[in-house]
Structure formats: C-alpha cells, structure tokens
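What you see is a predicted model, and the numbers here were worked out from it, not measured in a lab.
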Amino acid sequence: MNFFRYLQSRWDDILELAIAHALVTITAVLIATVIGVGLGMAVYHRPRSRQLTIAVTSVFLTIPSLALFGLFINVLGIGTTPVVVALVLYSLLPIVANTIVGLREVDPAVVESAQGMGMGRMQRLLRIELPLAWPVILTGMRVSTLLTLGIAAIGAYIQGPGLGNDIFEGLSRISSPNALNLVLGGTLGVILLAVLFDVVYLLLFRLTTSRGLR
C-alpha cells in the first residue's frame, strides 16, 4: 500500500497515538522537573551531595530501556504507570545537572547584594538565583523531553501508550505488506513530535526569559 494512502486511511488512529505519546512524555518531564529542580536546589552548594546526585541520576541512563521496562512488569504491572516511572528516571539527569550548573553560574556579587538587602536564603534562591538559572534549567528540560520522546516509543513493549505501538506491531509483522508503513508512520510521528516540542520550548524560552538573559 502506498505510504500516503496508508496515512490517509489511518490518520485518526495515528493522531490518537501521537496525542497519547505526547501526554506521557509531558507527564514524565513535568514530574522529573519537580524532582530534578528540587534535587538541584538542595545539593548545588554541597560538593559531595552534588557529585553523588549526578552519579545516581547518571546510572539511570545506563540501564537499557527494554531491561528496565521488563523489570517494572513485576513491580508495577503493564501499561502507562511503569512507562511514566521509567521515563521520569531517564529524564532526571539533564534537569538535575542543568539546575546545578545554572545555580552555580549565578554571579556571587548578585547574591551578596540580595543578602545585603536583607533577603533570607530561601528568598534569594526563589527570587534571584532560580530566575537567573532558568534558561539553563529550561535547556535541561528540553534535552529531557527529546530524550523521553524516543524512549517512550519502547514503552509499547509493556503495552504503554503512544506511537511505539505501531512500530512494534510493524516489526512483529515484518513480512506483511503493511509492516513498513506501520514502522515508518510511527517513527515519523515521533520525529514530528520532537520538532513540535522543540518549537514549543523555543517559544517558552522567549516568553519566560528576560532579554538580558537571552
């Protein structure tokens, strides 16, 4: 079957899978952002804790995704929940690392000035340091999102949502006439989502970052 005819015949199904893929990615990255920024804020000024946190979150990225999804079957079952948990683990490193880098790059003179104005530790962190570190943190979120989009497709291995379902179905029926269309459609869908998310992050950067920090 011609690929473009295939897209026309299954457009609604592909769109539904793409939306599910985007939602599971957004959910995982948002959870990872809350955890990652919190960890970064807690350890960025403590060398040993900082190194340990980076080391632990780095380990998560070394675990093969199929193996991790397989391990989660016994603990969390199959479906969306284990996929989200796995994606959160994979998303942490860029966000934690960029939060630490962003906060450590804040000019000490600015922090000292805020302290001289009577701001407490938490006030300085929330009102001065985090806003200045925001562009770097946002870059970490962007990297995590693009990373997660690809790994989320493998979540179909444990009946997770998203475009990976078409990819795995096509691979399981590789000798059938429509197998290549299934794989190609799912893969192109992931690529298009990556482009759309990249555009969203570019707009978010421009809307949330002051001109002096761009």
Side-chain angles (χ1 to χ4, degrees), residues 22 24-65 67-68 71-72 82-152 154-155 193-194 197-214:
V24 76
T25 299
I26 292 169
T27 301
V29 172
L30 287 177
I31 295 172
T33 299
V34 172
I35 297 172
V37 172
L39 284 172
M41 289 167 56
V43 304
Y44 80 98
H45 57 293
R46 300 171 182 168
R48 290 185 180 179
S49 298
R50 183 171 69 239
Q51 292 170 5
L52 178 62
T53 302
I54 292 295
V56 171
T57 52
S58 297
V59 168
F60 295 145
L61 276 180
T62 68
I63 304 173
S65 52
L68 185 60
L71 289 172
F72 279 165
V83 173
V84 170
V85 173
L87 294 179
V88 169
L89 295 180
Y90 284 122
S91 300
L92 280 175
L93 178 60
I95 297 172
V96 171
N98 278 42
T99 300
I100 291 172
V101 170
L103 290 173
R104 286 178 58 79
E105 286 184 348
V106 174
D107 190 345
V110 175
V111 178
E112 289 176 5
S113 297
Q115 187 175 4
M117 294 170 62
M119 286 189 181
R121 178 74 190 88
M122 189 57 64
Q123 279 185 309
R124 296 197 304 272
L125 183 60
L126 296 178
R127 296 178 60 182
I128 304 296
E129 295 175 76
L130 271 180
L132 290 175
W134 173 245
V136 182
I137 295 172
L138 190 62
T139 299
M141 293 169 60
R142 182 180 183 181
V143 172
S144 287
T145 301
L146 297 180
L147 176 70
T148 301
L149 276 171
I151 299 175
I154 304 173
L193 281 178
F197 271 108
D198 218 32
V199 171
V200 169
Y201 273 108
L202 180 60
L203 292 174
L204 188 60
F205 174 81
R206 295 186 65 85
L207 290 173
T208 61
T209 306
S210 63
R211 291 185 179 181
L213 296 176
R214 292 178 190 171

With a 4.5 Å limit on heavy-atom distance, are the side chains of [X] and [Y] in contact?
X: Leu147; Y: Leu61; result: yes
X: Thr139; Y: Phe205; result: no
X: Leu130; Y: Met41; result: yes
X: Leu93; Y: Phe60; result: no

Where do [X] and [Y] come nearest, in terms of heavy atoms and distance?
X: Ala86; Y: Leu68; value: CB-CD2, 3.9 Å
X: Leu92; Y: Ala32; value: CD2-O, 3.7 Å
X: Ala152; Y: Thr25; value: CB-OG1, 4.1 Å

_Does Ile26 form a side-chain contact (heavy atoms from CB on, under 4.5 Å) with Phe197? I'd like the steps, not just the answer._
CA-CA 10 Å; Ile26 292 169; Phe197 271 108; 3.7 Å; yes

Would you check if the side chain of [X] reaches a backbone N or O of [Y] as a donor-acceptor pair within less than 3.5 Å?
X: Tyr90; Y: Ser144; value: no
X: Tyr201; Y: Val143; value: no
X: Thr62; Y: Val59; value: yes

*Tell me, please, which residues at least two apart from Thr148 pass side-chain hydrogen bond (donor to acceptor under 3.5 Å, both in side chains).*
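Partners of Thr148 by the side-chain hydrogen bond (donor to acceptor under 3.5 Å, both in side chains) criterion, ordered by chain and then number, come out as Ser91.
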
*What residues, two or more places apart in sequence or in another chain, satisfy side-chain hydrogen bond (donor to acceptor under 3.5 Å, both in side chains) together with Asp198?*
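With neighbours one apart ignored, the set is Arg142.
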
Got a list of side-chain donor-acceptor pairs under 3.5 Å for residues 99-107, not counting sequence neighbours?
residue	atom	partner	partner atom	Å
Thr99	OG1	Ile95	O	2.7
Arg104	NH1	Tyr44	O	3.4
Asp107	OD1	Ala109	N	3.0

Between [atom1] on residue [X] and [atom2] on residue [Y], distance to nearest 0.5 Å:
X: Glu129; Y: His45; atom1: CD; atom2: NE2; answer: 9.5 Å
X: Thr145; Y: Leu193; atom1: OG1; atom2: CG; answer: 11.5 Å
X: Thr53; Y: Gln51; atom1: OG1; atom2: CD; answer: 10.0 Å
X: Ile35; Y: Leu30; atom1: CD1; atom2: CG; answer: 11.0 Å
X: Asn98; Y: Trp134; atom1: CG; atom2: CH2; answer: 11.5 Å
X: Leu39; Y: Thr57; atom1: CG; atom2: OG1; answer: 8.0 Å

